[in-house]
Amino acid sequence: MSRLSDPCDAPLEDVVRKAADQLSSGKPAEYIMGRAAFLGLQLHVGPGVFVPRPETETLVLLAEQGIPTMRSSEATVLDVCSGSGAIGLALASRLPGIRCIGLDSDAICISCAEASAQEAHLEQRVRFVRANVLSSWNRAVEDLEGHLDLVVSNPPYVREERLAEACLSSPCEPVQALYGGPSGLSFYRRIVAQAHDFLRPGGTLLLEIDDGLEDHILELFSKYGMEDGHWQPDFQGLPRYAGAHRAR
Ligand SMILES: C[S@@+](CC[C@H](N)C(=O)[O-])C[C@H]1O[C@@H](n2cnc3c(N)ncnc32)[C@H](O)[C@@H]1O
């Protein structure tokens, strides 16, 4: 057994020094390890891939609690802006009846998500498609219009005035994973409009949001005829989740 006080051999010391330098320059520990822990899964991540956050674990738990029928049925879920695949893979690992499609525009994200799906033996039920979700979703998932039980998303949502601060606190993460347009709403406008068409009647839309956007998101729900629009706070008490249903 080795102790912290034991002298270590030179290569190990080099590895530790290099990791310490990377950490102090702001590189996430997850990029150094190549893995991120998320609701019991060890997901593949690396430079170019947004590291999934604890707030998003709560989004998954809300999806699971809010849609009790998903536990028993063969629900179909779309994870929009899927990144590492965290949301879809965690849902599929917890709900054996569901199948999930993740959409992301980034090729590195898609290959990390696919590697994680394989490793978790979820590749039969979770697949990832490279697509720009700001264009029509028909090209990516044409057969699913009007059939989805759940659309869930943690899209880029940082608005212009918060971007510099966000880039400072996440200096190594890709800006395209963070920036949600001047008002932070670019992705939500598209997602709410398309979710309305792709959800089955009574299907659920669940979003992670930035605080300060909640009233705008509720307006978008009304504009597109989504019912029961509401938001919920995160563990700091800030508005962080918003949900609605497609009318039956
Ligand atoms: C905030 S990250 C969230 C990733 C993941 N859902 C999570 O919660 O960890 C947003 C993701 O949106 C993706 N993205 C950015 N622009 C996109 C676009 N136009 N179409 C599809 N995905 C996009 C980024 O590649 C990134 O993976």
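Note that this is a predicted model, so its numbers are computed, not measured. Atoms considered below: every heavy atom in the structure, side chains included; atoms not considered: hydrogens, waters and symmetry mates. Whatever order the structure lists ligands and atoms in, that order sets their numbers, starting from 1.
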Item checked: atom 15 (C) of ligand 1 [closest protein heavy-atom partner, distance rounded to 0.1 Å] -> Q176 O, 3.2 Å
Check: With distance as the sole test, does D149 use its side chain to make a donor-acceptor pair with the main-chain N or O of A75 at under 3.5 Å?
Finding: no
Next item on the list: Side-chain contact test, heavy atoms from C-beta onward, threshold under 4.5 Å: evaluate it for P155 versus V80 and give yes or no.
Entry: no
Check: When you check the gap from the basic side-chain N to the acidic O, do K27 and D21 get nearer than 4.0 Å?
Finding: no
Notebook entry, point to check: Considering only heavy atoms of P52, which atoms of ligand 1 have at least one such atom less than 4.0 Å away?
Noted result: 9 (O)
Check: So, is V133 polar-close to ligand 1, with some N/O to N/O distance under 3.5 Å?
Finding: yes
Margin query: Can a donor-acceptor pair be found, under 3.5 Å and without considering hydrogens, that links the side chain of R159 to the backbone of P182?
Written below: no
Notebook entry, point to check: Is the closest N or O pair between D104 and ligand 1 shorter than 3.5 Å?
Noted result: yes
Next item on the list: Answer yes or no for F187: is there a heavy-atom contact with ligand 1 below 4.0 Å?
Entry: yes
Check: Any chain of hydrophobic side-chain contacts (each under 4.5 Å) joining L206 to L148?
Finding: no
Margin query: Quick check on H230: does its NE2 atom have over 12 non-hydrogen neighbours (other residues, nucleotides or ligands) under 6.0 Å away?
Written below: yes
Next item on the list: Using distance alone, decide if ligand 1 has a nitrogen or oxygen within less than 3.5 Å of any nitrogen or oxygen in D106.
Entry: no
Check: Looking only at non-hydrogen atoms, which of P156, G85, A177, A36 approaches atom 2 (S) of ligand 1 most closely?
Finding: A177
Next item on the list: Check whether any side-chain N or O of H245 sits under 3.5 Å from a backbone N or O of T204 as a donor-acceptor pair, and report yes or no.
Entry: no
Notebook entry, point to check: Restricting to pairs with a member in residues 37-54, which pass side-chain hydrogen bond (donor to acceptor under 3.5 Å, both in side chains), not counting sequence neighbours?
Noted result: R35-H44, H44-E119, R53-S170, R53-E173
Notebook entry, point to check: Any nitrogen or oxygen of D79, main chain or side chain, under 3.5 Å from a nitrogen or oxygen of ligand 1?
Noted result: no
Check: Sub-3.5 Å donor-acceptor pair from the side chain of N154 to the main-chain atoms of E208, do we have one?
Finding: no
Next item on the list: List every atom of ligand 1 that sits less than 4.0 Å from any heavy atom of G83, numbering the atoms from 1 in the order shown and giving each element.
Entry: 4 (C), 27 (O)
Next item on the list: For atom 3 (C) of ligand 1, find the nearest protein heavy atom and state the residue, atom name and distance (0.1 Å precision).
Entry: N154 O, 3.1 Å
Check: side-chain contact (heavy atoms from CB on, under 4.5 Å) between W137 and L78: does it pass, once the steps are laid out?
Finding: CA-CA 11 Å; W137 295 1; L78 188 67; 3.6 Å; yes
Margin query: Any side-chain to backbone donor/acceptor pair from R246 onto R200? Under 3.5 Å, distance only.
Written below: no
Notebook entry, point to check: If we only count N/O pairs under 3.5 Å, is L134 in contact with ligand 1?
Noted result: no
Checklist line | For ligand 1, the portion of S82 having any non-hydrogen atom under 4.0 Å away | finding: backbone
Notebook entry, point to check: With a 4.0 Å heavy-atom cut-off (strictly under), which part of T56 contacts ligand 1: side chain, backbone, both or neither?
Noted result: side chain
Note to self: Quick test: of every protein heavy atom, which one is nearest to atom 19 (N) of ligand 1, and how far off is it to 0.1 Å?
What the structure shows: N132 OD1, 2.8 Å
Notebook entry, point to check: Relative to the heavy atoms of C109, which atoms of ligand 1 are at a distance of less than 4.0 Å?
Noted result: 27 (O)
Next item on the list: Pick whichever of P155, S105, G48 has a heavy atom sitting closest to atom 23 (C) of ligand 1.
Entry: S105
Item checked: Region of C81 that comes within reach of ligand 1 [heavy atoms, distance under 4.0 Å] -> both
Next item on the list: For A131 and ligand 1, answer yes if some heavy atom of the residue is under 4.0 Å from a ligand atom, otherwise no.
Entry: yes
